[in-house]
Amino acid sequence: MTKRKVRVRFAPSPTGGLHLGGVRTVLFNYLFARKHGGDFILRIEDTDQNRFVEGAEDYIQDTLAWCGLVPDESPVHGGAFAPYRQSERKERYRAYAEQLVKDGYAYYAFDTPEELEQMRIQFKTAENPSPQYNQVIREQMRNSLTMPEAEVQALLDAGTTYVIRIKMPKDETLTFTDMIRGEVSFNTSQVDDKVLLKGDGMPTYHLAVVVDDYQMEISHAFRGEEWLPSAPVHLLLWKYLGWEEAMPEWAHLPLILKPDGNGKLSKRDGDRLGFPVFAMDWTDPKTAEKTTGFRERGFLPEAFVNMLAMLGWNDGTDQELFSLEELVEKFSMERVHKGGAKFDYEKAKWFNHEWIKKTPADQLLPAVKSALLANAVPVTDDIVLEKVIGLVKERCTLLPDFVQQSAFFFSQPENIEISAIQPKWDDKKNLFFAELIRAWELSTLWEASDLEKEFKELAAANQLKPGELMLPFRIMLVGGKYGPGVFDIAEIIGREATLARIKHTLQLL
RNA sequence: GCCCGGUUCGUCUAUCGGCUAGGACAGCCCCCUUUCACGGGGCAAAGACGGGUUCGAUUCCCGUACCGGGUACCA
């Protein structure tokens, strides 16, 4: 291929939330574009007016923004190749379809949906459960190949609804090179006469994708593996339209599969198995059905993107944690795996945990703060919050985990799990804490290390093992058996709160 | 059915003919920590099957099996 400016596109149909596989396709497009100094385009493929879903396009834009995969050109970002919605490009497609008819590469078909259905029933056999509108069958259908020219013209003049179908040649071998799979071949006799222009005047995907990729000067076309079977149609269209030289290079990405059983991952699997499939929350405007997304589950976009990149790609080393910048630098389509990958939510969580650990507390702060506020944790002081985050983040896998791990820093725990200490509670311990209160009321220092030293010295003086006292102390401050080191907690919540919590619990015992 | 694609530990994967088949997640055990984690150490776990080609195949070729995708006036 001649070297030309790299221009790639993500071309979703706005029919609902953006699924994992979709975001991964975006990611690979984005990485490839950035790596080669090219452009990343978002094009909305809304040629099926029956499937239009309110809000879906905004959702796609929001998802890309959240992931940090912002397009250079899109319906909202504009660009030199606007418009970027196929519905707004409608007028462009018909002329090409008509041209194909004129050149003998396509034809008019007047079959009604009922007639098509009847054809499928009529020709259906055990060996051929789904008959196609192909080189053989088309001879028996109502189209400009079988009907006299005058009749066709009369139908056309009368404004009869028709579609334009591609005329697949007989027994030709079509070969192209897929960047991931290498050479792939098809025999045209196995491919049916796909509809190019629908009865409502809108193009099908097949026509639209070729026309738009050509007009938008797309250099590389990446899409899911489910498109591989229709590649010969696209190949032929590029050829018939006379644009063969400008055809993009193709890469068909492997599918993301269900964790259990078989088949490609669907939203239903997430509902069934309890993990997100969409990037962000999505509410179906018609059914009001709500689906949770990775963002709302508490994933960091960095982790989400990192996880997706590793689903089918690796750099050949053992490295698994990559920032977006590193991915841009190291990504190559040739290293994308051919086989589908079963989605593993546990591994996805691991990525998030790793990213929470490696992200500095101050950068985590906004996300953590909103998670805490959403759960009625009264955070006011960002300085304190930042310290807390630094202390607890290694024990948080998802953002909401910060709620349990840090709520007690900001308010006295409501439930004190005294059952954890009561069985082994005695007067000696009671006395120890009474003395501890007195000692700490007077102590001039209030740092974790000093507190721990005093605590242990006092324990020794009372002939008690520090270990026996640590859990009770933790329960007093935290309310339960969790959280970071107790003396760190005491340092942060301060003398007043520490002593108040000890006293409070002592009264319960 | 037909067409296309795929096939390494339970899962994600490394290996571009030399392998005692490596890593990660999950699992199990130990240490650390008298919370829970983090961290450290260890165990267990794989080349679908059958033929070739080759001194040598996980790697190349063929067949079979299995899995996936497609087979719409949906993308």
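For the numbers below, each heavy atom of this structure counts, side chains included, while hydrogens, waters and symmetry mates do not.
- Set against rG23(B), rA24(B), rG5(B), the side chain of W350(A) has rA24(B) as its closest nucleotide.
- Put simply, CZ on F408(A) is 15 Å from P on rU35(B), counting in whole angstrom units.
- Distance alone, capped at 3.5 Å, places no donor-acceptor pair between the D284(A) side chain and the V53(A) backbone.
- E127(A) comes within 4.0 angstrom of a nucleotide base, judged by non-hydrogen atoms across all strands.
- One P atom belongs to rG68(B), the other to rC30(B), and the distance between them is 40 Å to the nearest Å.
- Residue W313(A) contributes atom CH2, which lies 11 Å from atom P of rA14(B) at whole-angstrom precision.
- Taking the side chain of L471(A) as heavy atoms from C-beta on, and the options rG23(B), rU35(B), rU15(B), the nearest nucleotide is rU35(B).
- Y345(A) and R297(A) form a side-chain donor-acceptor contact under 3.5 Å, judged by distance and modelled atom types alone.
- Using a 4.0 Å heavy-atom distance criterion, T47(A) is classed as a sugar-phosphate-only contact.
- Atoms CG (N314(A)) and C1' (rC16(B)) sit 13 Å apart, rounded to a whole Å.
- Residue V184(A) is classed as a sugar-phosphate contact, given heavy-atom separations below 4.0 Å to backbone atoms only.
- Between the CD atom in Q190(A) and the CG atom in N134(A) there is a gap of 9.0 Å [rounded to 0.5 Å].
- For R395(A) against rC36(B), a side-chain N or O and a base N or O form a donor-acceptor pair under 3.5 Å.
- We find that CG of D315(A) is positioned 14 Å from C1' of rG22(B), with the value rounded to whole Å.
- The residue R120(A) sits close only to the backbone: its heavy atoms come under 4.0 Å of sugar-phosphate atoms, none of a base.
- Distances from the side chain of S130(A) to the nucleotides rG1(B), rA14(B), rC12(B) place rG1(B) closest.
- Of the two residues near RNA chain B, P131(A) and W227(A), the one whose nearest nucleotide lies more 5' is P131(A).
- You'll find the ring centres of F432(A) and F455(A) inside the 6.0 Å limit.
- Counting non-hydrogen atoms under 4.0 angstrom, L196(A) reaches nothing in the nucleic acid.
- Residue F186(A) is classed as a sugar-phosphate contact, given heavy-atom separations below 4.0 Å to backbone atoms only.
- Both A348(A) and P484(A) lie close to RNA chain B; mapped to their nearest nucleotides by heavy-atom distance, the more 5′-ward contact belongs to A348(A).
- Atom-to-atom, CG of L464(A) to P of rU34(B) comes out at 16 Å; the value is rounded to the nearest Å.
- Checking rG6(B), rA24(B), rC38(B) against the side-chain heavy atoms of H353(A) singles out rC38(B) as nearest.
- When each of rA14(B), rU13(B), rC38(B) is scored by its nearest atom to the side-chain atoms of E394(A), the top-ranked nucleotide is rC38(B).
- Here rC73(B) presents its P atom at 7 Å from NZ of K194(A), a figure rounded to the nearest Å.
- To the nearest angstrom, C1' of rC67(B) lies 20 Å from CZ of F343(A).
- Between M141(A) and T146(A), every side-chain heavy-atom pair lies at or beyond the 4.5 Å cut-off.
- F351(A) and F299(A) have their aromatic ring centers separated by at least 6.0 angstrom.
- Atom NZ of K349(A) is separated from atom P of rC38(B) by 13 Å (rounded to the nearest Å).
- At the heavy-atom level, T161(A) lies nowhere under 4.0 Å from the strands shown.
- No engagement by H252(A) is indicated, since no non-hydrogen atom pair under 4.0 Å with the nucleic acid exists.
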